[in-house]
Amino acid sequence: MNGLIARWHRRLPVTGRTPIITLGEGNTPLVRADRVAKAAGLPPGSVFLKVEGANPTGSFKDRGMTLAISKAVEAGATGVLCASTGNTSASAAAYAARAGLRCVVFLPKGKVAAGKLSQAVMHGAEIVEVAGNFDQALVMANEAAKTKGFALVNSSNPFRIEGQKTAAFEILEQLGRAPDNHFIPVGNAGNITAYWKGYKESGAAPRMFGWQAAGAAPLVSGKPVLNPTTLATAIRIGSPVSWNSAIAARDESGGMIGKVTDAEILSAYRFLARSEGVFCEPSSAASVAGLLKLAKAGKAPSGVSVCVLTGNGLKDPGITARFAPKIRRVKAGGRMKL
Ligand SMILES: *Cc1c(COP(=O)(O)O)cnc(C)c1O
């Protein structure tokens with residue numbers, strides 16, 4: 001059997017009686033990115049991309065979801081629910097469909113990328129559109145989670161963090177050593193928490209560099225953001241659930257949590273697609289945007305850096321229109337010069 005529970009079960013809270021609900025998640029590519037390295041003024045072989053968009057539903061959320069759903073089934077749940085900026089709902093819907101569970105998702109109105117919404121629809125999730133932002137949707141999901149038989153699968157669910165830590169195990173295997181620096185987008189801060197846990201459990205300690213969008217950067221300002229704004233919808237979060245553990249990851253590792261503007265995010269997003277052949281979603285590009293921002297200030301850290309690209313570019317087709325080239329229109333069969 002494949003999937004990350006099968007691969008890492010000794011390091012996860014499962015027993016022989018845990019039913020394993022898997023779609024073959026994990027084992028994602030670690031891609032060498034010499035053009036990013038060059039743009040950051042770093043030597044070849046010093047920057048790698050962990051391409052989490054290669055997971056079954058197109059984001060790293062699958063790592064936590066395989067475990068959260070498996071444990072929910074083990075505990076006898078009949079349904080799961082979550083609030084989501086999109087990817088958690090896409091992943092929960094898929095794994096719940098596979099497990100035969102109901103799935104209820106609370107989504108902030110008008111702020112979920114089209115690809116993610118289509119996944120929740122097709123996997124049969126029951127969709128609740130909240131006229132508000134993610135933080136408000138999460139309050140509602142937390143309340144609804146008191147319903148008998150339902151398990152909450154947001155990243156406050158500790159099994160999500162446990163599943164997600166396996167990405168750190170993979171990076172150590174793929175690199176054959178610990179990276180010196182780890183760059184990652186930060187929204188609710190579950191993922192930076194999970195990577196740091198995974199590294200620590202392996203005796204590794206890269207410096208953790210977390211990146212928030214400038215309009216949604218509570219961990220940078222030190223206070224919640226009431227109306228978070230950014231086109232990077234997956235990190236459009238004003239009150240991160242894993243606030244304390246994100247700060248702990250930063251401080252214990254000697255790293256930092258910084259912010260990047262939407263313009264910097266889009267610039268990295270485009271650069272990755274055009275110069276490395278890797279199409280991630282805008283939120284994901286915050287990690288590379290952060291590295292390039294430090295480089296511009298002459299502060300790119302030395303050694304080997306891994307940048308996590310959290311989700312697949314196909315998730316958010318709406319954003320690509322602004323990059324469309326001038327399109328030439330020709331008659332079928334007509335001649336044209338290149
Ligand atoms: C969920 C998500 C994030 C943010 O991860 P957190 O664990 O909430 O910090 C970043 N990028 C993408 C694509 C996501 O789906």
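These numbers come from the heavy atoms of this one structure, side chains and all, not from hydrogens, waters or symmetry mates. In each ligand, atom 1 is the first atom listed, and ligand 1 is the first ligand listed.
Per-residue contacts place Glu281 under 4.0 angstrom from the following atoms of ligand 1 (heavy atoms of the residue considered): 13 (C). Of all atoms in ligand 1, numbered sequentially from 1 with element shown, those under 4.0 Å from a heavy atom of Gly190 are 6 (P), 7 (O), 9 (O). Proximity to Val186 (heavy-atom distance under 4.0 Å) selects the following atoms of ligand 1: 9 (O).
Taking distance alone, with nitrogen or oxygen atoms compared against 3.5 Å, Thr310 approaches ligand 1 more closely than that limit. Ligand 1 has no N or O atom lying under 3.5 Å from any N or O atom of Ile237, backbone or side chain. For the pair Ala189 and ligand 1, the shortest N or O to N or O distance falls below 3.5 Å. The shortest N or O to N or O distance between Ser284 and ligand 1 is not below 3.5 Å. Annotation: Ser283 places no N or O atom under 3.5 Å from an N or O atom of ligand 1; distance criterion only.
Placement of Val304 and Phe183 in two distinct hydrophobic clusters is found when ILVMFWY residues are connected by side-chain heavy-atom separations under 4.5 Å, directly or transitively. There is no path of hydrophobic side-chain contacts, each under 4.5 Å, that joins Met140 to Val241.
We find that Glu264 and Lys293 are joined by a salt bridge, their nearest charged nitrogen and carboxylate oxygen being less than 4.0 Å apart.
Proximity of Ile235 to ligand 1, defined as any heavy-atom pair under 4.0 Å, is confined to the side chain (atoms from C-beta onward). Under 4.0 angstrom from ligand 1, the non-hydrogen atoms of Asn191 come from both its backbone and its side chain. Contact annotation: for Lys315 versus ligand 1, there are no heavy atoms closer than 4.0 Å.
Atom 8 (O) of ligand 1 has Asn188 N, 2.8 Å as its closest protein atom, hydrogens excluded (heavy atom only). Ranking protein heavy atoms by distance to atom 14 (C) of ligand 1, first place goes to Lys61 NZ, 2.9 Å. Protein heavy atom in closest approach to atom 5 (O) of ligand 1: Phe60 CZ, 3.4 Å.
Within the model, atoms OG1 of Thr57 and CD of Glu25 stand 9.5 Å from one another, a figure rounded to the nearest 0.5 Å. Taking CG of Leu67 as the start and CD of Glu162 as the end, the distance is 7.0 Å to the nearest 0.5 Å.
In this structure, the ring of His182 has its center no less than 6.0 angstrom from the ring center of Phe209. You'll find the ring centres of Phe323 and Tyr269 inside the 6.0 Å limit.
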- Message: Determine whether Met65 and Thr88 satisfy the following criterion, side-chain contact (heavy atoms from CB on, under 4.5 Å), listing intermediate values before the conclusion.
- Response: CA-CA 8 Å; Met65 208 54 74; Thr88 297; 3.8 Å; yes
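Ser155 does not count as a contact of ligand 1, since none of its heavy atoms falls under 4.0 Å from the ligand.
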Less than 3.5 Å apart, which donor and acceptor atoms pair up between the side chains of residues 149-161 and the rest of the protein, not counting sequence neighbours?
| residue | atom | partner | partner atom | Å |
| --- | --- | --- | --- | --- |
| Asn154 | OD1 | Ala83 | N | 2.9 |
| Asn154 | ND2 | Ala83 | O | 2.7 |
| Asn157 | OD1 | Phe159 | N | 2.8 |
| Asn157 | ND2 | Leu152 | O | 2.9 |
| Arg160 | NE | Gln164 | OE1 | 3.1 |
| Arg160 | NH1 | Val153 | O | 2.7 |
| Arg160 | NH2 | Gln164 | OE1 | 3.1 |

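For Lys111, the NZ atom is loosely surrounded, since the number of other residues' heavy atoms within 6.0 Å does not exceed 12.
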